[in-house]
Amino acid sequence: MINDPDRFLRQLFDRAVEVADPMRSLKAFLPPKPEGRVIVVGAGKASARMAEAVEAEWGPCEGLVITRYGYARPCRGIEIVEAAHPVPDEAGLVATRRMLDLLAAAKEGDFVLALISGGASALLVQPVEGVSLADKQAVNAALLASGAPIDRMNTVRKHLSRVKGGQLAAAAYPARMLALMISDVPGDNPAFIGSGPTVGDASTREEALDVLSRWKIEVPESVLAALQRPSGVVPPGDPRLSRVENIIYAAPRQSLSAAAALAERAGCAVHMLGDRLEGEAREVAAAQAEQALAIKAGMKPGDPPALLLSGGELTVTRRGKGIGGPNAEFCLALVLALNGAKAIHAIACDTDGVDGAAEVAGAVVDPDTLARAQSLGLDPEKALAENDAHSFFGAIDGQVVTGPTLTNVNDFRAVLIQA
């Protein structure tokens, strides 16, 4: 019996984050510091922490890394620039231009270390000709509200960029490059982590246009015009990528496995649902609620607790004007589907500490959540219809607020069922 389920679930989430902390995980994948000129570049929510870990091993380094506001870390040589995420801003635009200038000066014999994590798609900003920063901001906002999977969003981003889709690596050629990555994408395809700035891509402009059409994403005319012109995305096999090595050194499965081990030591029967779940948050919640209720119905007194554990990246199709993210929306839909079922608790959080655009990691659910909300006059069905899950959980003190976690291996969901 887990006596304090909410505390236990938070411990599982904290363990998942801890395992992905670059200060703990990066060292094993970092080679001895090469002789000659070494340049460190990077982008993402974890990139400043990764840079800090690099300098802990190599000492002060030359370089430039772009991270989200509030995610900077102290470095002795590498410059850390903060910029906006998930919608890019001028700070990201200027810093990306400086990064490309730095790489353009790299020569054969130089060594470039690229540190890439989730969030790099918004933080690396250098639109193609004819597309302004305002246009790019509009596209990003529309993509985020569309419900399109992350890989499809990144296809569009790549073909509107001068840095994504292998173009960052091409800018450093003929220098040798090692890219160390933390995966935040289902399936851990390096081409989709941060829109693959160091990875060749075979997608086409036509595929980007198809994404806009399929998900009914309205974009400025300048964007449609840009997608009619040749793209700078670097195809696999391009000679400019011949000196690049890409390594994913931290991924969701490692964090989920660590949480599962902790749960098993506490006596739980763990049902691992996978580290690459995708789909609408409310639909996945309904399916997991059904599974949890079925497990609960089959339990006898004295049976060990069961735990549904999953990762991946869920999506929210914006229907209302509320404040929400996929993890909070998952929890809100779960509240409705469970309908106050006894002895079932849950947590859903983004491991980067930011669910959607809110400075909230996610939320917790317990058997009293629904009754507590109703006693305050809250309407959970209306909140779900308005995509207002963060406001809902904020009102009942059900939010999980971590602040910057300095890593990012995407969503973490755990549903605890007790007899």
Side-chain angles (χ1 to χ4, degrees), residues 44-45 85-88 116-124 136 138-161 164-165 181-197 199 201-219 223 227 231 233 248 251-253 256 273-288 310-319 324-330 333 348-352 354-357 362 387 389 408-413:
K45 298 174 192 174
H85 178 280
V87 177
I116 306 298
S117 69
S121 289
L123 296 165
L124 286 173
K136 195 70 181 290
V139 170
N140 256 34
L143 287 169
L144 292 166
S146 69
I150 186 63
D151 60 335
R152 299 295 84 200
M153 286 195 270
N154 284 352
T155 296
V156 176
R157 288 164 169 162
K158 288 178 184 183
H159 290 279
L160 295 174
S161 174
K164 300 176 176 70
M181 304 180 185
I182 297 178
S183 174
D184 72 326
V185 298
D188 302 330
N189 185 336
F192 295 134
I193 301 170
S195 297
V199 184
D201 190 273
S203 68
T204 64
R205 294 176 292 118
E206 290 75 18
E207 289 177 66
L209 287 165
D210 180 67
V211 172
L212 298 180
S213 174
R214 180 175 175 185
W215 277 275
K216 299 179 173 60
I217 300 168
E218 294 186 8
V219 296
V223 169
L227 291 175
S231 170
V233 169
I248 296 174
R253 64 180 177 276
L256 286 178
L273 304 184
D275 62 9
R276 55 185 67 184
L277 270 64
E278 296 182 272
E280 282 285 330
R282 61 182 67 189
E283 294 173 5
V284 175
Q288 292 199 13
S310 64
E313 184 162 31
L314 304 184
T315 52
V316 171
T317 300
R318 182 173 290 279
R319 300 170 174 88
N327 289 285
E329 182 148 318
F330 170 91
C349 293
D350 198 316
T351 54
D352 63 11
V354 180
D355 185 35
N387 303 118
N408 184 14
V409 287
N410 229 316
D411 298 342
F412 175 91
R413 292 175 297 276

Heavy-atom distance under 4.5 Å between the side chains of [X] and [Y], does that happen here?
X      : Y      : answer
His85  : Asn140 : no
Arg152 : Thr315 : no
Leu212 : Leu227 : yes
Val156 : Glu207 : no
Val409 : Asp184 : no
Val185 : Asn410 : no

Look only at the side chain of [X] and the backbone of [Y], and say whether a donor-acceptor pair between them is shorter than 3.5 Å.
X      : Y      : value
Thr351 : Asp411 : no
Thr155 : Ala208 : no
Ser213 : Asp210 : no

Minimum-distance pair of heavy atoms, taken over all atoms of [X] and [Y]:
X      : Y      : result
Ala142 : Ile217 : CB-CG2, 3.6 Å
Leu256 : Phe412 : CD2-CD1, 3.8 Å
Leu143 : Ser146 : O-OG, 2.7 Å
Ala148 : Met153 : O-CE, 3.4 Å
Pro326 : Ala281 : O-CB, 3.3 Å

Distance from [X] atom [atom1] to [Y] atom [atom2], nearest 0.5 Å?
X      : Y      : atom1 : atom2 : result
Asn408 : Asp352 : CG    : CG    : 4.0 Å
Ile150 : Leu314 : CD1   : CG    : 12.5 Å
Ser117 : Leu123 : OG    : CG    : 8.0 Å
Glu278 : Glu283 : CD    : CD    : 13.0 Å
Ile116 : Ile182 : CD1   : CD1   : 10.5 Å

Problem - Derivation and outcome, side chain to side chain contact (heavy atoms under 4.5 Å, CB included), residues Leu273 and Arg413 - result: CA-CA 10 Å; Leu273 304 184; Arg413 292 175 297 276; over 6 Å; no
Mind checking what makes salt bridge (Lys or Arg N to Asp or Glu O under 4.0 Å) contact with [X], not counting sequence neighbours?
X      : result
Lys136 : none
Asp275 : none
Glu313 : none
Arg253 : Asp188

In chain order, what residues pass the side-chain hydrogen bond (donor to acceptor under 3.5 Å, both in side chains) check against [X], with sequence neighbours excluded?
X      : result
Glu280 : Thr317
Glu206 : Thr204
Ser231 : His159
Asp350 : none

Exercise for the section: Please test Glu218 against Val223 for side chain to side chain contact (heavy atoms under 4.5 Å, CB included), starting from the C-alpha separation and ending with a verdict. Expected result: CA-CA 10 Å; Glu218 294 186 8; Val223 169; over 6 Å; no
Exercise for the section: Could I get the full list of side chain to side chain contact (heavy atoms under 4.5 Å, CB included) partners for Ser195, not counting sequence neighbours? Expected result: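 Counting only residues at least two positions away or on another chain, Ser195 forms a side chain to side chain contact (heavy atoms under 4.5 Å, CB included) with Ser121, Asn154, Arg157, Lys158, Lys164.
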Problem - Asn189: side chain to side chain contact (heavy atoms under 4.5 Å, CB included) partners, not counting sequence neighbours - result: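 For Asn189, the residues satisfying side chain to side chain contact (heavy atoms under 4.5 Å, CB included) (neighbours in sequence not counted) are Ala191, Phe192.
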Practice task
Applying ring pair (Phe, Tyr, Trp, His ring centres under 6.0 Å), name anything that partners Phe330, two or more places apart in sequence or on another chain.
Solution key: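 So Phe330 forms no ring pair (Phe, Tyr, Trp, His ring centres under 6.0 Å) with any residue.
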Practice task
Using a cut-off of 6.0 Å, state whether more than 12 heavy atoms not belonging to Arg319 lie near its atom CZ.
Solution key: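 Check passes, neighbour count above 12.
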Problem - Test applied, side-chain contact (heavy atoms from CB on, under 4.5 Å); reference residue, Pro252; option that passes from Ser183, Pro186, Ser310 - result: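 Passing option: Ser183.
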Practice task
Could you give me the CA-CA distance, side-chain angles and deciding distance for Asn387 and Glu329, then say whether side chain to side chain contact (heavy atoms under 4.5 Å, CB included) is met?
Solution key: CA-CA 7 Å; Asn387 303 118; Glu329 182 148 318; 3.0 Å; yes
